[in-house]
Colleague: 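Following this message is one structure expressed as structure tokens.
Here is the naming used below: chain letters follow the sequence lines, and residue numbers restart at 1 for every chain.
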Amino acid sequence: MTITLNGDPFDVSGPLTVSQLLVALDIDARRVAVEHNLVVLKRTAFDAAIVREGDQVEIVNFVGGG
Amino acid sequence: MDTFSIAGKTFASRLIIGTGKYPSHPVMVKAHEASGADMVTVAVRRVNISDRSKESLLDYIDTSKYFILPNTAGCYTADDAVRTARLGREAGLSHWVKLEVIGDERTLFPDNEALIEATRVLVREGFVVLPYTSDDPVVCRKLEDAGAAAVMPLGAPIGSGLGIQNPNNIRIIREFSRVPVIVDAGVGTASDAAFAMELGADGVLMNTAIAGAQDPAAMAEAMKFAVRAGRLAYLAGRIPRKLYATASSPIEGLVGR
């Protein structure tokens, strides 16, 4: 299936949970925040939230800033 | 005891510093240590999906020593700033935000109308909101009325190093405000930070002045002392300015008179 990941089309086999998506991307879930279809997820919701075809996912972390 | 508290949380230092634009992460770590600051700002950005090799900023910040203040830098609408603040809260597990809503690309001056709107929304959601604002006493009052936990007027444009451009406004803002006033942006060197504190600012927030200095750790240490010196001078109460001299030595008992 194709989702929009951080603004770009991204192919991944699914549906899958946000936790599974992060594992597939090799991203440490403790270091990021995730927005799923414009809703910011609590970290405790990563296992339950299902990403489906056409969904919008934003994965952010902290970078240097002032 | 001269303590510095925002929203009930007490900080050891009145200096708040950024994490951006350092030549390297180890240089940043040294500067943070030298600054004595216990609150640092960070930005919230998309993870680079195609290149996962980059080190995480948080590997270089001891979160047991430094309180992390996520910002909404680069946001041009209230909606984007609110969205970014919510993401920052989940990434950092704190409900504090340095709120920026930028209104102009060249000056990076705030869009104060959108800033006030975003402050209202985030305060309603339980955030501790520290808005980066123009050095405008009326806007600062509106931000305070909207529930801001502090107001953070700019001293000069972000990264400009021009120093405090409108000291009278900073003084008026201090007089008007019941919340802490933190001068955010525009500091170029230590005397600028000391001057901001002498005007009555409760704290100073800076990034480029330290990160862009030739020796960031040395400048961080200079800023630590400048903020302390300025604060002490403010509390000590300076002498009035006079046009003519007043002798420091006795005028009686002079030899030969």
Side-chain angles (χ1 to χ4, degrees), chain A, chain B residues 16-22 24-25 28 40-50 52-61 63 68-74 79 82-93 98 100 108 125 132 158-159 184-185 187 205-212:
Chain A
M1 65 176 192
T2 303
I3 62 172
T4 302
L5 179 61
N6 285 359
D8 293 320
F10 186 82
D11 292 320
V12 62
S13 56
L16 77 178
T17 66
V18 167
S19 292
Q20 288 165 337
L21 176 64
L22 292 173
V23 169
L25 294 168
D26 190 26
I27 290 172
D28 183 347
R30 294 166 301 176
R31 288 284 171 87
V32 297
V34 178
E35 190 190 73
H36 181 213
N37 292 336
L38 300 178
V39 177
V40 176
L41 299 178
K42 296 273 173 213
R43 206 157 295 180
T44 49
F46 287 2
D47 284 336
I50 310 285
V51 180
R52 300 174 198 282
E53 170 78 31
D55 280 4
Q56 278 184 54
V57 178
E58 294 278 347
I59 305 173
V60 302
N61 62 358
F62 288 144
V63 300
Chain B
I16 304 164
I17 63 177
T19 55
K21 300 203 284 189
Y22 286 91
S24 70
H25 282 138
M28 179 189 79
V40 297
T41 57
V42 299
V44 177
R45 289 292 180 272
R46 284 171 168 168
V47 170
N48 189 336
I49 301 294
S50 54
R52 305 285 314 112
S53 65
K54 281 201 172 172
E55 302 159 297
S56 167
L57 175 70
L58 289 184
D59 291 336
Y60 293 90
I61 300 172
T63 51
I68 305 264
L69 180 63
N71 71 27
T72 63
D79 281 349
V82 166
R83 198 176 163 195
T84 303
R86 288 173 183 151
L87 283 164
R89 172 164 65 180
E90 295 311 318
L93 301 173
K98 173 186 159 176
E100 286 186 36
L108 297 179
E125 292 183 16
Y132 156 74
I158 293 171
D184 177 3
V187 166
L205 194 162
M206 66 181 74
N207 186 354
T208 308
I210 293 173

Colleague: For the residue pair B:Asp59 and A:Arg31, establish whether any side-chain heavy-atom pair is separated by less than 4.5 Å.
Modeller: yes

Colleague: Test B:Val47 against every option in A:Leu22, A:Leu25, A:Val34, A:Ile59 by the side chain to side chain contact (heavy atoms under 4.5 Å, CB included) rule and name the one that passes.
Modeller: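 Testing each of A:Leu22, A:Leu25, A:Val34, A:Ile59 against B:Val47, the sole residue satisfying side chain to side chain contact (heavy atoms under 4.5 Å, CB included) is A:Ile59.
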
Colleague: Any idea which heavy atoms bring B:Ala91 and A:Ala33 closest together, and the distance?
Modeller: N-CB, 3.6 Å

Colleague: Sort B:Ile61 into side chain, backbone, both or neither according to what part of it lies under 4.5 angstrom from a heavy atom of chain A.
Modeller: neither

Colleague: Hey, what do you get for CG (A:Leu38) to CZ (B:Arg86), rounding to the nearest 0.5 Å?
Modeller: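 Separation between the atoms: 10.0 Å.
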
Colleague: If you round to the nearest 0.5 Å, how far is CZ of A:Arg43 from CD of B:Glu90?
Modeller: 7.5 Å

Colleague: Hey, what do you get for CG (B:Asn48) to CG (A:Asn6), rounding to the nearest 0.5 Å?
Modeller: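 Nearest 0.5 Å value for the CG-CG distance: 9.0 Å.
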
Colleague: Atom CG in B:Leu57, atom CZ in A:Phe62: separation rounded to 0.5 Å?
Modeller: 9.0 Å

Colleague: Between the main-chain N or O of A:Gly66 and the side-chain N or O of B:Asn71, is there a donor-acceptor pair closer than 3.5 Å?
Modeller: yes

Colleague: Name the member of B:Val44, B:Leu87, B:Asn207 that forms the most heavy-atom pairs with chain A at distances under 4.5 Å.
Modeller: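 Counting heavy-atom pairs under 4.5 Å, the top option is B:Leu87.
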
Colleague: Is there a side-chain contact between A:Glu58 and B:Arg83 in this structure, where contact means two heavy atoms from C-beta onward sitting under 4.5 Å apart?
Modeller: yes

Colleague: So for A:Ile27, is it side chain, backbone, both, or neither that comes closer than 4.5 Å to the heavy atoms of chain B?
Modeller: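 Looking at A:Ile27, backbone and side chain both touch chain B.
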
Colleague: Are any non-hydrogen side-chain atoms of A:Val63 and B:Val42 less than 4.5 angstrom apart?
Modeller: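 No; the side chains remain at least 4.5 Å from each other.
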
